[in-house]
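See structure below.
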Amino acid sequence: MEVVTDDDEERDEAAEAREGTWNLANAPYTIEGELEGFQRFGTGVRKSGGWQRTVGLFLVVLLLAPIVYSVLHVLASVLL
């Protein structure tokens, strides 16, 4: 009987992220699937190195910047 540890699962997820196979547990066009996809993207960025990590972090910032701007804009309009 084979024992599967958390490290094995993390290595498998990192290998899948590098290979481009997602194997999502949820449908990709549901909220759960979208969140799972973002989680896998974050795992890939965290485990990659060099220029791939830089590009991944840039994309994360690019995705989060409009959300942060919108929240700050709403807070400023409410507080002022």
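One hydrophobic cluster, built from ILVMFWY side chains closer than 4.5 Å, cannot hold both Phe38 and Ile31; they sit in different ones. Under the 4.5 Å side-chain heavy-atom criterion for Ile, Leu, Val, Met, Phe, Trp and Tyr, Val61 and Phe41 are members of distinct hydrophobic clusters. Using a 4.5 Å cut-off between side-chain heavy atoms of Ile, Leu, Val, Met, Phe, Trp and Tyr, with links allowed through other members, Val60 and Trp51 fall into the same hydrophobic cluster.
The main-chain N or O of Lys47 is never found under 3.5 Å from a side-chain atom of Arg53 such that the two would form a donor-acceptor pair.
Atom CG in Leu59 sits 11.0 Å away from atom OG1 in Thr54 (nearest 0.5 Å). In this structure, Phe58 CZ and Leu63 CG are separated by 10.0 Å, a value rounded to the nearest 0.5 Å.
Other members of the hydrophobic cluster containing Val68, listed by chain and number, are Leu72; membership follows side-chain contacts under 4.5 Å among ILVMFWY residues, whether direct or relayed.
With sequence neighbours left out, the side-chain contact (heavy atoms from CB on, under 4.5 Å) criterion links Thr30 to Asn26, Ala27, Glu32.
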